[in-house]
Colleague: 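Below are the structure tokens for one structure; questions will follow.
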Amino acid sequence: MSPNAISFKTSQASTPHILIKPHIFEADMHLEKTQTHAPVACALWKSNQVVDAFQQNEQHAYLNIASHANEDRPAFKLQLNEGNGACFPWHHDNAGGGMTARDRGSRRKITVIVYLSEPPTQGGELVLMPFCKPELERRVTPVVGTVVAFRSECVLHRTLPSFCDKAHNQRTCFTIWLESDDAANAPLSCALPPELLTNLRERRGDDAGAVPYSPMWREFADKLSTSPANRIFARLVYREMFEASLRECFSVGGGETAEKRTRVALAMHEAHMRSASDALREVADALTWVLRQRIEENKE
């Protein structure tokens with residue numbers, strides 16, 4: 001297995017930085033050596049059983065899951081988390097589009113995770129965070145045999161730090177990403193209703209705090225929760241949460257290397273923040289208001 005790595009750019013012109021997630025390893029089923037060493041998983045991948053399960057269920061017809069020829073099977077990876085605090089930061093599995101509507105190559109629609117080991121001694125849960133719906137947050141303990149499926153292009157998620165004291169409870173799983181026949185990363189539409197545009201204009205005055213946010217922002221947030229368009233606002237609305245998870249992920253192990261990884265990851269995050277237009281920031285501020293309202297409501 002190879003170290004799990006991600007490529008970050010801090011600006012359009014910069015050279016990509018390759019960052020390793022400490023203590024996390026993966027094997028790509030498209031590689032012949034993986035197929036040889038994991039024959040059972042390979043047989044499942046080649047059987048198309050997971051794809052068929054979604055295509056044959058009428059409730060999932062709206063997802064328009066794609067069929068695959070032998071040479072074009074969906075991405076399938078085996079993953080091992082050794083513990084020692086290893087984790088994943090907040091992200092979408094299909095992050096295409098983003099703030100600049102670039103990189104629309106991915107067609108990932110559904111993420112399916114199957115856990116293959118006993119849970120770690122501590123941590124390692126998968127956390128699913130529907131956009132602006134804190135009441136629907138879910139934590140999944142990685143117990144052998146558990147299957148989790150969620151929308152790749154609109155569900156924010158992460159893996160919490162994992163700690164284990166025995167090899168048999170190192171967090172192990174496989175993930176398959178089902179693709180859609182639709183253009184999953186086509187140009188995104190998130191047009192604001194006229195009433196919300198008026199609300200923003202009214203708040204641009206010198207005494208903006210005197211003009212409350214319209215309750216209709218809650219309805220708009222609800223629509224975004226099941227739309228890929230929420231990726232445009234996620235880093236702005238959940239800024240502190242993103243930063244904390246990046247620090248948690250890339251600082252594992254400590255020392256100079258960990259500090260450098262963390263600096264680069266945070267610089268990437270800040271680059272996303274700087275690329276946001278003033279208009280996007282205004283909308284994100286309103287959505288943050290909705291999120292905070294709902295967090296307080298959940299405390300009651």
Side-chain angles (χ1 to χ4, degrees), residues 11-12 62-64 90-110 128-137 150-158 180 182-243 245 268-298:
S11 70
Q12 290 296 323
Y62 73 98
L63 297 170
N64 204 16
W90 290 104
H91 65 286
H92 293 89
D93 277 356
N94 180 343
M99 292 184 180
T100 59
R102 298 175 65 89
D103 185 22
R104 301 187 184 121
S106 176
R107 295 194 304 156
R108 290 179 177 179
K109 192 74 171 183
I110 295 291
L128 303 173
M129 180 72 74
F131 186 78
C132 277
K133 287 183 173 288
E135 71 277 12
L136 296 182
E137 177 186 328
F150 56 90
R151 292 272 296 274
S152 306
E153 87 288 38
C154 63
V155 177
L156 193 63
H157 62 285
R158 70 160 304 191
S180 173
D182 298 329
N185 287 327
L188 301 176
S189 175
C190 53
L192 290 176
E195 295 87 347
L196 296 187
L197 288 172
T198 298
N199 185 228
L200 289 181
R201 283 196 295 269
E202 291 173 348
R203 288 182 55 84
R204 288 176 193 149
D206 294 334
D207 192 22
V211 180
Y213 282 114
S214 165
M216 287 186 64
W217 283 108
R218 295 172 68 98
E219 298 177 25
F220 183 68
D222 289 342
K223 291 179 180 178
L224 282 180
S225 69
T226 56
S227 167
N230 76 55
R231 298 175 301 192
I232 298 173
F233 304 105
R235 285 183 179 274
L236 292 166
V237 174
Y238 292 98
R239 178 171 184 162
E240 293 181 359
M241 194 173 77
F242 265 85
E243 290 176 355
S245 71
M268 175 279 303
H269 178 64
E270 287 301 320
H272 275 275
M273 299 300 100
R274 290 193 300 272
S275 70
S277 67
D278 289 341
L280 280 179
R281 291 178 185 277
E282 278 189 310
V283 176
D285 286 345
L287 293 170
T288 302
W289 170 78
V290 172
L291 177 61
R292 289 173 177 168
Q293 267 202 332
R294 288 177 171 171
I295 290 174
E296 289 302 314
E297 290 166 2
N298 285 343

Colleague: Could you measure the distance from the CD atom of Q293 to the CH2 atom of W217? Nearest 0.5 Å is fine.
Modeller: 13.0 Å
Colleague: Carefully, step by step, assess E153 and R108 under the rule salt bridge (Lys or Arg N to Asp or Glu O under 4.0 Å).
Modeller: CA-CA 7 Å; E153 87 288 38; R108 290 179 177 179; over 6 Å; no
Colleague: Using modelled atom types only, decide if a donor and an acceptor are shared between the side chain of R294 and the backbone of K133 within a distance under 3.5 Å.
Modeller: no
Colleague: Sequence neighbours left out, what passes ring pair (Phe, Tyr, Trp, His ring centres under 6.0 Å) with H157? Give chain and number order.
Modeller: H91, F150
Colleague: Would a distance-only check, ignoring hydrogens and angles, find a side-chain to backbone donor-acceptor pair under 3.5 Å from S245 to W90?
Modeller: yes
Colleague: Quick one, L128 with L136, criterion side chain to side chain contact (heavy atoms under 4.5 Å, CB included). Give me CA distance, side-chain angles, the key distance, then yes/no.
Modeller: CA-CA 8 Å; L128 303 173; L136 296 182; over 6 Å; no
Colleague: Evaluate N94 against R231 for side chain to side chain contact (heavy atoms under 4.5 Å, CB included), listing each step before the verdict.
Modeller: CA-CA 9 Å; N94 180 343; R231 298 175 301 192; 3.3 Å; yes
Colleague: Verify, without hydrogens or angle tests, whether R158 (side chain) and M129 (backbone) share a donor-acceptor contact under 3.5 angstrom.
Modeller: no
Colleague: Got a second to check how far R218's CZ is from L291's CG, nearest 0.5 Å?
Modeller: 10.5 Å
Colleague: Name all pairs fulfilling the salt bridge (Lys or Arg N to Asp or Glu O under 4.0 Å) condition that reach into residues 279-293, sequence neighbours left out, sorted by first residue then second.
Modeller: R204-E282
Colleague: Checking S180 side chain against L63 main chain: does a donor-acceptor pair fall under 3.5 Å?
Modeller: yes
Colleague: Between the main-chain N or O of C132 and the side-chain N or O of Y238, is there a donor-acceptor pair closer than 3.5 Å?
Modeller: yes
Colleague: I'd like to know whether E270 forms a salt bridge (Lys or Arg N to Asp or Glu O under 4.0 Å) with R239, so could you lay out the CA-CA distance, the side-chain angles of the two residues, the decisive distance to 0.1 Å, and finally the verdict.
Modeller: CA-CA 9 Å; E270 287 301 320; R239 178 171 184 162; 2.9 Å; yes
Colleague: Which atoms form the tightest heavy-atom contact between S214 and W289, and what is the distance?
Modeller: O-CZ3, 3.7 Å
Colleague: Out of L196, T288, L287, N199, which one pairs with Y213 under the side chain to side chain contact (heavy atoms under 4.5 Å, CB included) rule?
Modeller: N199
